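Given the structure is predicted, the values throughout are model-derived calculations rather than measurements. Below, all heavy atoms of this structure are taken into account, side chains as well, without hydrogens, waters or symmetry copies.
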Amino acid sequence: MSKNTHILVEPNTPTEAKTRIPVWLYPSTLEVMDRAMKIANSKSRSEYLEKAALFYAGYVSGQIATAYPPALASVLRGTVQDTENRICCLLFKLAVEQDIVMNVLAAEMEIPDEQLKALRGRCVQNVKKTGGSVTLDDAVRYQNGRL
């Protein structure tokens with residue numbers, strides 16, 4: 001078979017009859033297959049092996065570049081989009097809460113512009129150094145001169 005030859009993977013037709021073939025598998029492979037059958041929602045080893053064979057045939061033949069990725073890409077795109085929407089929503093809520101806290105503090109504190117600028121610079125460096133893992137405890141220790 002040449003490199004450019006593709007195996008056509010087509011769905012089974014209702015009139016097609018199954019053929020019984022002998023299959024030799026290691027016990028460890030059978031264990032893996034039996035566990036995966038539940039995840040794949042296969043009712044039998046035969047059904048699982050058929051699904052696996054069709055998928056692998058498509059993968060090997062290059063069909064994965066035309067048949068499988070659109071479905072896979074669609075699922076991944078949907079998952080990423082849902083995650084992105086959730087993160088954006090949570091970041092918006094967090095920004096609102098942070099704005100409330102900053103306004104409450106600004107209403108009660110009189111901080112000179114130079115001191116605020118220096119604090120911002122220190123906070124930027126702290127966030128970079130800790131990878132964003134900052135805590136109120138650390139801020140209190142710093143403000144009390146213990147850090």
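- Contact detail for Ala40 and Lys51: the closest heavy-atom pair is O-NZ, 3.1 Å.
- A side-chain donor-acceptor contact under 3.5 Å links Thr135 and Asp138.
- In this structure, CD on Glu84 lies 10.5 Å from CG on Leu91, to the nearest 0.5 angstrom.
- Both Leu25 and Ile21 sit in one connected hydrophobic cluster of ILVMFWY residues. Membership requires side-chain heavy atoms under 4.5 Å apart, directly or through other members.
- Remark: Leu136 CG to Gln143 CD distance equals 10.5 Å, nearest 0.5 Å.
- In terms of modelled atom types and a separation under 3.5 Å, the side chain of Asp99 and the main chain of Ala95 share no donor-acceptor contact.
- Linking Ile, Leu, Val, Met, Phe, Trp and Tyr residues whenever their side-chain heavy atoms come within less than 4.5 Å leaves Leu105 and Val140 in two separate clusters.
- Closest approach of Leu49 to Met33, counting heavy atoms only: CD2-SD, 3.5 Å.
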Which donor-acceptor pairs under 3.5 Å do side chains of residues 107-115 form with protein atoms, sequence neighbours excluded?
none

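- Look at Glu97 and Lys93 and you find no salt bridge, because none of the NZ, NE, NH1 or NH2 atoms lies under 4.0 Å from a carboxylate O.
- Contact annotation: the side chain of Asp34 never approaches that of Glu31 to less than 4.5 Å [non-hydrogen atoms, C-beta and beyond].
- Note on Met37: it clusters hydrophobically with Leu30, by side-chain heavy-atom contacts below 4.5 Å among ILVMFWY residues.
- With rounding to the nearest 0.5 Å, the separation of OG1 in Thr83 from CG in Leu76 is 10.5 Å.
- Take Asn85 and apply the side chain to side chain donor-acceptor pair (under 3.5 Å) test, not counting sequence neighbours, and it matches Gln81.
- Side-chain atoms of Glu50 and Ser42, non-hydrogen and from C-beta on, never get closer than 4.5 Å to each other.
- With rounding to the nearest 0.5 angstrom, the OG atom of Ser46 is 9.0 Å from the CZ atom of Arg20.
- In this structure, Val23 and Arg45 have side chains that are not in contact, with every pair of non-hydrogen atoms separated by 4.5 Å or more.
- For the pair Tyr142/Arg122, a side-chain contact is recorded, criterion being any heavy-atom separation below 4.5 Å from C-beta on.
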